[in-house]
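Only one structure is covered here, and it is reproduced in the block below.
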Amino acid sequence: MHPVEIRPNIFWVGVNDRSTNLFEGLWPIQEVGVTYNAYLIKDEKNALIDMSKDIFTDDFVQELSDLIDLKDLDYIIVNHMEPDHTSSLCRLRELAPNAKFLGMQKAISMMNDFYSLTENTEVVKHEDTLSLGKHTLKFLYTPGVHWPETMMTYVPEEKLLFTCDAFGQFGVLDGCIFDDECQNMAFFEKEALRYYSNIIAGFSRNVLMALDKIAAYPISILAPSHGIIWRKDPTRIINLYRTWAGYAQGPAEPGITVLYGSMYRNTERALDQTLQVIGQRKIPIEVFNVSITDPSFYLPSLLTKQGVLVACPTYERAMFPAMVRALDMAGIKGITHKVAAYFGSYAWSGGALEAFNGYAERLSWEVVGTHQFAGSAKENDLQQIQQIAQKLVERTMKP
Ligand code: FEO
């Protein structure tokens with residue numbers, strides 16, 4: 001792609017990744033892709049903000065070389081050390097021998113850990129400033145958004161904040177890079193939520209602290225390192241982040257995420273009959289079969305809805321393995337303080353119910369009811385399950 005001047009002498013230098021199937025080796029992006037954005041500021045001193053992923057280094061270097069002789073690069077600002085932004089570092093070190101790598105203390109030690117880089121590095125601290133000439137860089141420490149070394153870089157002269165992972169989205173850029181050029185903002189907001197719930201949500205407490213920090217600075221442009229640049233309405237995504245980060249600790253929106261798994265449709269039949277009852281209550285419900293749905297796609301629902309209905313059988317004295325994966329991921333991503341219920345079938349012994357109660361306790365989920373049944377659900381079982389589901393609806397509608 002070609003560089004784009006986003007403000008005078010400040011350039012977007014990004015690449016579209018349409019070839020990676022799993023972001024972080026986990027999250028499906030084969031249908032939407034992702035971008036790695038970096039930014040070049042040309043001034044008396046030249047600075048590069050963030051880098052790119054190794055498999056795109058050739059494209060990235062070409063974009064930079066269209067703008068500058070890399071030997072004239074003075075600083076490389078490392079907002080975040082995750083390799084989607086830094087695995088081109090070794091090549092840049094060779095091509096830009098006069099550039100100094102700047103980052104928080106933890107980032108500098110990670111540069112050694114990941115790339116054996118120990119020279120030409122410099123630690124910056126929260127609210128340190130660096131003059132490039134006409135532009136100033138101010139470094140804001142925002143640990144946990146996404147890793148503990150992460151910072152953002154602010155340019156006061158332009159009210160421009162380089163935010164790395166924060167406010168980013170999955171999805172490639174099909175010809176435009178700004179929110180005001182984009183004809184499909186609903187797609188980017190949906191992918192911003194998926195990115196938040198998949199990548200950032202486990203650090204929601206840190207997100208709230210970071211939002212408080214950046215609130216002290218006027219912002220005209222938010223320039224993340226994934227996806228579109230927010231210049232028409234940066235407060236839109238800032239407000240969404242505050243909402244989503246709050247949901248991680250509850251309460252969230254009225255609504256129920258149904259996670260289910262079923263081996264021979266005994267649990268699934270009971271679920272269908274239960275949904276026929278609670279479906280009349282006009283409460284938003286999203287249903288996911290955890291056996292065939294990647295967690296990437298139900299985490300947004302789990303994060304944003306207050307209720308969780310877990311329906312799965314016991315599997316060899318334990319919880320159905322696909323549900324174990326789902327609830328483990330909910331724990332990793334800090335999906336706490338939900339209102340929840342469980343039901344499911346067993347053949348000769350229970351196990352899933354005990355496991356569910358353990359998850360609920362660890363995640364601070366309030367359990368409104370549980371029921372397990374041998375084999376297929378009988379009329380009495382269905383009545384109990386539907387009573388529990390009605391209770392879940394009531395409780396979810398009153399956070
Ligand atoms: Fe885009 Fe946490 O890396």
Side-chain angles (χ1 to χ4, degrees), residues 12-30 32-39 48-57 59-60 76-90 92 101 103-104 106-111 113-115 139-153 161-173 177 188 191-207 209-211 214 222-230 237 241 244-245 248 295-296 299 303 329 332-334:
W12 170 88
V13 276
V15 295
N16 272 342
D17 180 355
R18 299 178 192 270
S19 53
T20 297
N21 286 335
L22 297 174
F23 188 79
E24 290 187 334
L26 283 170
W27 312 106
I29 56 167
Q30 59 267 50
V32 297
V34 70
T35 74
Y36 312 109
N37 303 337
Y39 301 90
L48 175 65
I49 317 289
D50 293 322
M51 292 169 275
S52 191
K53 190 176 172 183
D54 49 5
I55 58 171
F56 296 97
T57 303
D59 298 52
F60 181 53
I76 297 177
I77 310 303
V78 182
N79 279 329
H80 174 30
M81 271 298 296
E82 191 162 7
D84 53 331
H85 306 289
T86 61
S87 49
S88 53
L89 182 151
C90 294
L92 280 175
F101 291 83
M104 290 284 149
K106 186 74 181 161
I108 300 298
S109 69
M110 285 180 173
M111 284 178 212
D113 297 340
F114 278 83
Y115 306 112
F139 306 111
L140 306 177
Y141 186 37
T142 52
V145 194
H146 164 217
W147 283 5
E149 88 301 358
T150 307
M151 65 179 189
M152 299 183 191
T153 298
L161 186 63
F162 298 107
T163 61
C164 203
D165 276 352
F167 314 118
Q169 323 96 45
F170 295 129
V172 292
L173 297 170
I177 68 167
F188 281 107
E191 289 299 330
L193 172 59
R194 188 161 74 99
Y195 188 87
Y196 185 89
S197 65
N198 292 188
I199 309 297
I200 308 285
F203 307 96
S204 290
R205 206 179 293 265
N206 299 72
V207 170
M209 288 192 282
L211 292 175
I214 68 173
L222 282 180
S225 292
H226 298 294
I228 59 166
I229 297 169
W230 304 80
I237 189 70
Y241 258 53
W244 297 337
S296 180
L299 280 169
L303 176 72
M329 194 56 87
I332 291 169
K333 296 303 168 189

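When a ligand or atom number is given, it counts from 1 through the structure's own listing order.
- Residues F162 and I77 are not in side-chain contact: their nearest non-hydrogen atoms beyond the backbone lie 4.5 Å or more apart.
- Restricting D84 to its N, O or S atoms, the one at the least distance from atom 1 (Fe) of ligand 1 is OD2.
- Relative ring orientation between F167 and Y241 is described as tilted, the plane-to-plane angle lying within the 30° to 60° band.
- Neither side chain, Y36 nor D50, offers a donor N or O lying under 3.5 Å from an acceptor on the other.
- Closest approach between atom 2 (Fe) of ligand 1 and any N/O/S atom of E82 involves OE1.
- Contact of the P143 side chain with the T150 side chain is not registered, since no non-hydrogen atoms from C-beta on lie closer than 4.5 Å.
- When atom 2 (Fe) of ligand 1 is compared with the N/O/S atoms of H146, atom ND1 turns out nearest.
- The atom name of the N/O/S atom in H85 closest to atom 1 (Fe) of ligand 1 is NE2.
- Here H80 does not reach atom 1 (Fe) of ligand 1: none of its N/O/S atoms is less than 2.8 Å from the metal.
- A perpendicular orientation is assigned to the rings of F203 and H146, their planes being inclined by more than 60° (bins at 30° and 60°).
- Per residue D165, closest N, O or S atom to atom 1 (Fe) of ligand 1: atom name OD1.
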Start with the C-alpha distance between H80 and E149, add both sets of side-chain angles, then the distance that settles side-chain hydrogen bond (donor to acceptor under 3.5 Å, both in side chains), and finish with yes or no. CA-CA 6 Å; H80 174 30; E149 88 301 358; 2.7 Å; yes
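- Between atom 1 (Fe) of ligand 1 and C164 there is no N/O/S contact shorter than 2.8 Å.
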